[in-house]
K.L.:
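Following this message is one structure expressed as structure tokens.
Given the structure is predicted, the values throughout are model-derived calculations rather than measurements. All residue numbers in this chain count up from 1 along the given sequence.
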Amino acid sequence: PTCAIQLLILSTVLIAARREIGGIRSLGFTKLSIGKIFLGLAFFMFAGLVLSLAALFLQSLGATDFKDPSILLPVSFGERVVWTVMSAVVAISEETAFRGYALTRLEHITRRKTLAAILASLGFAIGHSYQGVSGVVVIFIYGLMFAAVFYKTKSIWPGIIAHFMQDFTAMFAVDILKRMQGG
């Protein structure tokens with residue numbers, strides 16, 4: 001169901017963009033290059049550090065409402081294949097909807113990049129409310145970081161790469177943490 005909903009959102013955004021001046025290129029679909037892939041990977045690693053620090057800071061303030069997402073993670077080989085496909089679909093869909101479309105259209109409406117980034121990131125974060133209020137705060141920060149990368153590169157690809165890596169590697173993170181804790 002997640003893939004179906006994400007593909008519906010992606011289709012809607014692409015249809016809307018095709019009918020507008022600038023078309024699909026206005027969403028940041030520039031030529032994919034090795035440089036953009038490496039930038040996406042570097043952003044993924046940098047964002048992981050920043051978001052971990054943000055989560056630790058929130059916990060130091062007493063924010064303990066982070067929801068454990070491990071129940072959602074795949075276990076079997078088949079589930080991992082589905083998770084990988086879903087990670088790709090979600091990365092493409094959410095980056096296209098929130099950075100490619102919402103961010104650029106909100107900037108056009110508000111005439112302010114910062115306000116557009118805040119509004120688009122807020123929408124992105126609210127969509128992750130299943131992670132608790134603290135999770136929404138962390139995802140809001142992530143959304144702002146995605147917006148900054150989009151504005152800096154004028155391309156959606158680094159965000160898609162980083163978003164995919166974030167979701168894809170989650171299925172390994174829980175196993176690694178359990179092994180590190182001796183479980």
K.L.:
Within a strict 4.5 Å, meaning less than it, do heavy atoms of the Trp83 and Leu73 side chains meet?
P.N.:
yes

K.L.:
If we only count heavy atoms from C-beta on, is the Arg105 to Ser26 side-chain gap below 4.5 Å?
P.N.:
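In contact.
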
K.L.:
Is Ile92 reachable from Leu41 through a run of I, L, V, M, F, W or Y residues, each pair having side-chain heavy atoms under 4.5 Å apart?
P.N.:
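Yes, Leu41 connects to Ile92 through the hydrophobic network.
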
K.L.:
Nearest heavy-atom pair of Val136 and Ser129: which atoms, and what distance?
P.N.:
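Looking at all heavy atoms of both residues, the closest pair is CG2-CA, 3.5 Å.
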
K.L.:
Measure across Ile139 and Gln131 and return the closest heavy-atom pair with its distance rounded to 0.1 Å.
P.N.:
CG1-OE1, 3.5 Å

K.L.:
Under the side-chain hydrogen bond (donor to acceptor under 3.5 Å, both in side chains) definition, can you give me all pairs with a residue in residues 29-41, not counting sequence neighbours?
P.N.:
Thr30-Lys36, Thr30-Ser155

K.L.:
Does one hydrophobic cluster hold both Ile37 and Phe168, with members joined at side-chain heavy-atom distances below 4.5 Å?
P.N.:
yes

K.L.:
Just how far is it from atom CG of Leu49 to atom CZ of Phe44, taken to the nearest 0.5 Å?
P.N.:
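Going from CG on Leu49 over to CZ on Phe44, the span is 12.0 Å.
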
K.L.:
Give me the atom names and distance for the closest heavy-atom approach of Thr2 to Val90.
P.N.:
CG2-CG2, 4.1 Å

K.L.:
Locate the shortest heavy-atom distance separating Tyr151 from Ala116; write the atom from each residue and the value.
P.N.:
OH-CB, 3.7 Å

K.L.:
Does the Asp65 side chain pair with the main chain of Gly132, one donor and one acceptor, at a distance under 3.5 Å?
P.N.:
no

K.L.:
Starting at OG1 of Thr114, measure out to CD of Glu107 and round the result to the nearest 0.5 Å.
P.N.:
9.5 Å

K.L.:
Going through the checks in order, is the side-chain contact (heavy atoms from CB on, under 4.5 Å) test met by Thr84 and Met171?
P.N.:
CA-CA 9 Å; Thr84 301; Met171 73 174 142; 3.5 Å; yes

K.L.:
For residues Arg19 and Ile15, determine if any side-chain heavy atom of one lies less than 4.5 Å from a side-chain heavy atom of the other.
P.N.:
yes

K.L.:
Is any side-chain heavy atom of Ile126 less than 4.5 Å from a side-chain heavy atom of Phe140?
P.N.:
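Contact flag for Ile126/Phe140 side chains = no.
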
K.L.:
Check the hydrophobic clustering (I, L, V, M, F, W, Y; side-chain heavy atoms under 4.5 Å; chains of links allowed) and say if Ile141 and Phe57 are grouped together.
P.N.:
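Ile141 does not cluster with Phe57.
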
K.L.:
Quick one, Leu10 with Val89, criterion side-chain contact (heavy atoms from CB on, under 4.5 Å). Give me CA distance, side-chain angles, the key distance, then yes/no.
P.N.:
CA-CA 9 Å; Leu10 178 62; Val89 169; over 6 Å; no

K.L.:
Is the distance between the ring centroids of Tyr142 and Phe146 under 6.0 Å?
P.N.:
yes

K.L.:
Any ring-ring contact (aromatic ring centres under 6.0 Å, His included) involving residues 85-126? Give me the pairs, sequence neighbours left out, ordered by first then second residue.
P.N.:
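Qualifying pairs: Phe98-Phe124, Phe124-His128, Phe124-His163.
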
K.L.:
Pairs in or reaching into residues 14-34: which pass ring-ring contact (aromatic ring centres under 6.0 Å, His included), with residues at least two apart or in two chains?
P.N.:
Phe29-Trp157

K.L.:
Take Leu115 and Leu106 through the side-chain contact (heavy atoms from CB on, under 4.5 Å) test and state the conclusion after the steps.
P.N.:
CA-CA 8 Å; Leu115 181 57; Leu106 286 167; over 6 Å; no

K.L.:
Any side-chain heavy atom of Ile161 sitting closer than 4.5 Å to one from Phe43?
P.N.:
no

K.L.:
Could you tell me the separation between the CG atom of Leu32 and the CD1 atom of Ile160, rounded to the nearest 0.5 Å?
P.N.:
8.5 Å

K.L.:
Can you get from Ile109 to Leu122 by hopping between Ile, Leu, Val, Met, Phe, Trp and Tyr side chains that sit under 4.5 Å apart?
P.N.:
no

K.L.:
Check whether any side-chain N or O of Glu79 sits under 3.5 Å from a backbone N or O of Val75 as a donor-acceptor pair, and report yes or no.
P.N.:
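Such a contact is found between Glu79 side chain and Val75 backbone.
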
K.L.:
Between Ile24 and Arg18, is a side-chain contact (heavy atoms from CB on, under 4.5 Å) present by the stated rule, with each step listed?
P.N.:
CA-CA 6 Å; Ile24 293 173; Arg18 277 191 78 196; 3.5 Å; yes

K.L.:
For Tyr130, does the OH atom have more than 12 heavy-atom neighbours from other residues, nucleotides or ligands under 6.0 Å away?
P.N.:
yes

K.L.:
Check Ala120 against Ala102 and note the closest heavy-atom contact, atom names and distance.
P.N.:
CB-CB, 4.4 Å

